[in-house]
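Data block below; observations after.
Only heavy atoms go into these numbers, but all of them, side chains included; no hydrogens, no water, no symmetry mates. Each ligand, and each atom within it, is numbered from 1 in the order the structure gives.
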Amino acid sequence: MTTKSIQAAVTGLHGEITVPGDKSISHRSIMFAGLCTSPVHITNFLHAQDCMSTVTCMKALGVDIVETTNGDMSVCGKGLHGLREATSVIDAGNSGTTLRLMMGILSGQKFLTTFTGDSSLSKRPMDRVIKPLAKMGAHIVGRRGNTLLPITVIPQTNKLIGLEYEMPMASAQVKSAILLAGLYAKGTTTITEPYPSRNHTEKMLSAFGADINSSGNNIKINPIQELTAPQHIEVPGDISSAAYWFVAGSIIKNSDILIKNVGINETRTGIIDVLKKMGANIEILNLRRTGGEPFADVRVKSAKLHGIDIKATIIPRLIDEIPVIVVAAILADGITTISGAQELRVKESDRIKTVYNEFSKLSTNITEKKDGFIIKGNGSLKYAECNSHNDHRIAMSLAIAGAAGSGINIDKAECVDISYPEFYKTLHNLTNK
Ligand code: S3P
């Protein structure tokens with residue numbers, strides 16, 4: 001386990017950077033390409049541990065995936081019905097997206113698959129996916145009443161049946177698992193979400209020729225014989241990774257950063273909306289599109305932020321950015337409240353508890369709520385020895401707090417490899433420009 005020391009960035013952050021490929025889109029590109037029969041070339045794929053869990057999983061199920069010398073991925077899929085049984089247990093590592101989406105794909109297959117994962121994934125609830133899939137006729141068993149890993153998807157003997165499902169929470173992972181099972185089901189599958197969550201599955205399945213339609217909070221999918229792959233998928237830069245620089249560039253005095261090729265899908269841009277409402281100086285430049293996904297260059301300059309109320313409706317559009325929003329709120333003028341974010345309790349760590357415990361070492365003005373936080377901005381962050389609890393988004397948020405404040409020591413710092421292996425190097429480069 002590595003400890004990382006971050007120094008205060010006293011002269012500001014400067015420079016032009018790119019962020020690695022979007023994690024959600026990278027997972028889906030490998031999975032969906034694996035379900036086609038024509039080859040797909042993927043550029044700007046995220047080479048981080050989470051997405052490599054999906055690569056390992058699809059390879060174990062017979063899909064040919066080759067990494068080219070420049071890091072692109074070349075996938076030769078097996079078709080919707082051509083995956084083959086893995087000969088051993090599949091390790092989904094730390095990746096909830098791998099496990100939950102794969103359960104949707106595998107619930108329509110005629111062979112058995114068993115999953116395991118790391119200690120964090122083994123504590124996360126899987127019944128939110130298993131229950132609706134069971135209603136479609138899938139047979140999935142797991143520890144503690146079909147809730148926890150290890151999980152086995154039993155071979156399917158009858159065809160799945162379409163489902164009308166009102167989701168109890170806004171979750172793109174749950175929605176995607178049901179939609180993927182819907183590809184194999186008899187009849188239409190209809191999902192209603194309480195608030196719209198990220199829609200990369202809908203967009204990409206549509207680009208793969210699926211019979212899928214969205215309207216407001218409703219999504220409908222019909223079964224299909226085969227998907228048809230686009231020859232090329234370009235993954236936009238991950239806005240969840242760019243978010244660290246949006247916040248750092250805003251709160252660290254004398255900063256000016258240009259982040260190139262950032263995905264700005266409307267279901268992910270809650271972080272930009274919130275920071276702008278707090279007074280941030282963020283400009284969207286050079287807007288363009290790749291495979292149905294919009295992306296742009298984003299320029300961030302330092303600004304004085306003020307506290308705001310962040311309510312349930314926007315939470316799914318910024319769920320992974322809340323730890324770093326807390327850093328912005330600590331340095332903002334006035335009070336910031338975050339409500340309706342109870343989903344944070346079932347992420348890679350209980351992010352309400354971890355944020356409260358670790359950020360309270362840096363600032364005394366955070367109150368933990370059942371579904372979020374109250375943060376009294378006090379404009380200062382002390383030096384402290386903190387722990388990431390092996391949660392990549394906590395490690396990166398702590399690092400930004402250290403750079404914006406008085407430095408920090410982070411224990412279990414290497415977990416950034418889950419989504420952003422170059423994170424510390426990028427922070428170092430921006431600090432020393
Ligand atoms: C993801 C969806 C979100 C997010 C996760 C990635 C996805 O989880 O937190 O990092 O790729 O679908 P939930 O859908 O469970 O909210």
Side-chain angles (χ1 to χ4, degrees), residues 20-32 45-46 48-51 53-54 57 92-105 117 120-121 123-132 147 165 167-180 191 193-205 217 219 235-236 238-244 263 265 267-271 293 312-325 340-352 354-355 371 391-397 415-416 418-420:
D22 187 275
K23 181 157 83 71
S24 295
I25 297 176
S26 293
H27 280 298
R28 286 156 174 85
S29 67
I30 294 286
M31 287 180 196
F32 302 175
F45 177 80
L46 171 63
Q49 279 174 14
D50 251 24
C51 297
S53 293
T54 291
C57 174
N94 190 252
S95 176
T97 308
T98 306
L99 179 58
R100 293 192 174 121
L101 270 61
M102 286 312 302
M103 280 199 269
I105 293 170
S120 154
L121 194 59
K123 291 188 205 112
R124 296 179 68 187
M126 296 302 146
D127 50 337
R128 52 180 49 207
V129 171
I130 295 175
K131 279 183 184 158
T147 298
Y165 192 61
M167 297 208 346
M169 75 294 279
S171 162
Q173 293 181 355
V174 177
K175 171 176 69 176
S176 303
I178 301 169
L179 290 173
L180 288 164
I191 304 173
E193 291 194 277
Y195 307 111
S197 63
R198 66 192 67 192
N199 62 5
H200 304 300
T201 295
E202 295 91 306
K203 287 200 169 202
M204 202 183 285
L205 278 181
N217 295 3
I219 310 106
V235 180
D238 197 329
I239 189 166
S240 295
S241 299
Y244 301 102
N265 175 313
T267 60
R268 299 284 297 281
T269 44
I271 177 70
E293 293 283 355
T313 43
I314 199 171
I315 296 294
R317 295 180 54 232
L318 48 70
I319 185 74
D320 292 339
E321 289 68 75
I322 292 174
V324 80
I325 289 174
Q342 59 280 357
E343 276 294 301
L344 288 180
R345 297 224 178 253
V346 289
K347 293 293 175 192
E348 286 83 329
S349 67
D350 173 344
R351 283 191 183 150
I352 295 188
T354 350
V355 162
D371 65 343
D391 182 333
H392 56 133
R393 304 221 182 269
I394 300 294
M396 292 186 274
S397 303
C415 59
V416 303
I418 290 293
S419 65
Y420 196 167

Test of proximity, Ala172 against ligand 1: N or O pairs below 3.5 Å: yes
Sole candidate of Leu99, Thr98, Asn94 that passes side chain to side chain contact (heavy atoms under 4.5 Å, CB included) when paired with Leu121: Leu99
Basic-acidic side-chain contact under 4.0 Å: Asp391, Arg351: yes
Residue, atom name and distance, where the atom is the protein heavy atom closest to atom 11 (O) of ligand 1: Ser24 OG, 2.7 Å
Option set Arg128, Arg100, Arg198, Lys347, criterion heavy-atom distance to atom 13 (P) of ligand 1, minimum: Lys347
Heavy-atom closest pair, residues Ser240 and Asp320: OG-CB, 4.2 Å
Identity and separation of the nearest protein heavy atom to atom 1 (C) of ligand 1: Gln173 NE2, 3.6 Å
Within-cut-off N or O pair, Glu343 and ligand 1, under 3.5 Å: no
Distance in Å, Leu179 CG paired with Ile219 CD1, rounded so as to fall on 0.5 Å steps: 6.0 Å
Thr354 versus Ser349, side-chain donor and acceptor atoms under 3.5 Å: yes
Option of least heavy-atom distance to atom 7 (C) of ligand 1 (set: Lys23, Arg28, Arg351): Arg28
Nearest neighbour in protein (non-hydrogen) for atom 15 (O) of ligand 1: Ser171 OG, 3.1 Å
Cationic N near anionic O, under 4.0 Å, Arg268 to Glu293: no
Atoms in ligand 1 with a heavy atom of Asp320 nearer than 4.0 Å: 4 (C), 5 (C), 9 (O), 10 (O)
